[in-house]
Amino acid sequence: TQTALMLIDKGVDINKINTNGDTALILASLQGHTQIALMLVDKGADINKTTTNDYTPLILACNNGRTQTALMLVDKGADMNKTNTHGNTALILACNNGHTQTALILIDKGADINKINTNGDTALILACNNGHTQTALMLIDKGVDINKTNTHGDTVLILACNNGHT
């Protein structure tokens with residue numbers, strides 16, 4: 001944190017991107033460096049800046065199960081319903097990867113539980129598709145629509161059975 005703080009205090013562009021469209025905040029969030037990410041946000045980093053594939057710091061933190069980083073970003077005003085190029089939100093990707101606690105925080109903070117991506121998949125559809133039973137149960141307990149289908153007409157039951165998730 002000290003090195004990053006010194007660089008910022010010396011005038012380094014806090015929102016400068018690399019060739020992948022990554023900023024310091026995007027990479028700190030991806031890696032779960034919560035204190036560094038907090039310092040960057042407090043020093044003016046763009047909390048909703050996206051990579052070349054439209055991944056925000058929050059989407060990357062949630063995709064990788066960085067629960068504390070995700071909570072900090074939400075508390076600092078990150079857009080929970082912003083989507084990447086595939087229409088995935090932070091909640092959809094947290095559930096896709098079975099990060100139940102991260103997903104629960106997003107839902108409790110107001111994320112859209114029934115949002116769909118470009119394939120028509122919801123957080124529940126992807127959780128069931130990947131066999132994340134605890135995540136699916138939490139979503140159901142929180143009131144997700146269990147009868148939504150994706151663009152192929154697949155239900156959560158069809159996908160769970162197709163993939164052998166009993």
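Sequence positions, counted from 1, serve as the residue numbers for this chain.
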A.B. asks: Would you mind reporting whether N117 and T83 have side-chain heavy atoms less than 4.5 Å apart?
C.D. replies: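 The answer is no, as the side chains (C-beta and beyond) never meet within the 4.5 Å cut-off.
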
A.B. asks: Nearest 0.5 Å, what's the CE-CD distance between M72 and Q35?
C.D. replies: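 CD of Q35 is found 8.0 Å from CE of M72.
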
A.B. asks: Do I146 and I92 sit in the same hydrophobic cluster, where Ile, Leu, Val, Met, Phe, Trp and Tyr count as joined when their side-chain heavy atoms come under 4.5 Å apart?
C.D. replies: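 In one cluster with I146: I92, no.
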
A.B. asks: Given the rule in the side chain to side chain contact (heavy atoms under 4.5 Å, CB included) test, do Q31 and I36 qualify, once you have shown the distances and angles that lead to the verdict?
C.D. replies: CA-CA 10 Å; Q31 298 300 327; I36 293 173; over 6 Å; no

A.B. asks: Identify the residue among D121, N163, N150 that makes a side chain to side chain donor-acceptor pair (under 3.5 Å) with N129.
C.D. replies: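 Single side chain to side chain donor-acceptor pair (under 3.5 Å) partner of N129 among D121, N163, N150: N163.
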
A.B. asks: Does T155 reach the main-chain N or O of T149 with its side chain, forming a donor-acceptor pair under 3.5 Å?
C.D. replies: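 Not confirmed, T155 side chain does not pair with T149 backbone.
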
A.B. asks: Where is the tightest heavy-atom contact between K109 and L71, given as atom of each residue plus distance?
C.D. replies: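 Heavy atoms of K109 and L71 come nearest at CE-CD1, 3.7 Å.
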
A.B. asks: For N53 and H86, run side chain to side chain contact (heavy atoms under 4.5 Å, CB included): C-alpha distance rounded to whole Å, both residues' side-chain angles, the deciding distance at 0.1 Å, then the answer.
C.D. replies: CA-CA 9 Å; N53 292 319; H86 303 290; over 6 Å; no

A.B. asks: Would a single hydrophobic cluster contain both I116 and L124, if residues Ile, Leu, Val, Met, Phe, Trp and Tyr are joined by side-chain heavy-atom contacts under 4.5 Å?
C.D. replies: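 No, L124 and I116 fall in different hydrophobic clusters.
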
A.B. asks: At what distance, to the nearest 0.5 angstrom, does SG of C62 lie from CG of N88?
C.D. replies: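 If I round to the nearest 0.5 Å, the distance is 12.0 Å.
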
A.B. asks: Does any pair with a residue in residues 92-102 pass salt bridge (Lys or Arg N to Asp or Glu O under 4.0 Å), and if so which ones, sequence neighbours excluded?
C.D. replies: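 Pairs touching residues 92-102 that pass the test: none.
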
A.B. asks: According to a 4.5 Å side-chain heavy-atom criterion applied to Ile, Leu, Val, Met, Phe, Trp and Tyr, with indirect links allowed, do I107 and L137 form part of one hydrophobic cluster?
C.D. replies: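 I107 does not cluster with L137.
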
A.B. asks: Just so I know, are the side chains of L104 and Q101 near enough to count as touching, which here means a heavy-atom distance under 4.5 Å?
C.D. replies: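 Result yes, sub-4.5 Å side-chain heavy-atom pair found.
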
A.B. asks: For D54, is there an ion pair with K82 - N to carboxylate O distance below 4.0 angstrom?
C.D. replies: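 Answer for the salt bridge query: no.
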
A.B. asks: Run T122 and D145 through side chain to side chain contact (heavy atoms under 4.5 Å, CB included) and show every step you take.
C.D. replies: CA-CA 9 Å; T122 64; D145 182 349; over 6 Å; no

A.B. asks: With sequence neighbours excluded, what pairs up with L30 under the side-chain contact (heavy atoms from CB on, under 4.5 Å) test?
C.D. replies: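 Checked L30 against side-chain contact (heavy atoms from CB on, under 4.5 Å); matches are L27, L60, N64.
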
A.B. asks: Got a second to check how far T50's OG1 is from L58's CG, nearest 0.5 Å?
C.D. replies: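 With rounding to 0.5 Å, OG1 (T50) is 13.0 Å from CG (L58).
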
A.B. asks: Which distance, rounded to the nearest 0.5 Å, do you find between the CG of N81 and the OG1 of T89?
C.D. replies: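 Reported to 0.5 Å precision, the distance equals 6.5 Å.
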
A.B. asks: Taking the side chain from D154 and the backbone from L159, do they hold a donor-acceptor pair closer than 3.5 Å?
C.D. replies: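 Checked: no pair found.
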
A.B. asks: Look up atom CG in L40 and atom NE2 in H33, then write down how far apart they are to the nearest 0.5 Å.
C.D. replies: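 Result: 11.0 Å between the selected atoms.
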
A.B. asks: Honestly curious: do L126 and M80 fall in one hydrophobic cluster under the side-chain, below-4.5 Å linking rule?
C.D. replies: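 In one cluster with L126: M80, no.
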
A.B. asks: Taking a hydrophobic cluster as the set of Ile, Leu, Val, Met, Phe, Trp and Tyr residues connected by side-chain heavy atoms closer than 4.5 Å, whether directly or through intermediates, do L38 and I105 fall within one such cluster?
C.D. replies: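 In one cluster: no.
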
A.B. asks: Decide side chain to side chain contact (heavy atoms under 4.5 Å, CB included) for L91 and K115; before the verdict, give the C-alpha distance in whole Å, the side-chain angles of both, and the deciding distance to 0.1 Å.
C.D. replies: CA-CA 9 Å; L91 177 61; K115 185 99 171 154; over 6 Å; no

A.B. asks: Where the side chain of T52 meets the backbone of N20, is there a donor-acceptor pair that is under 3.5 Å apart?
C.D. replies: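 Side chain of T52 to backbone of N20: a pair is present.
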
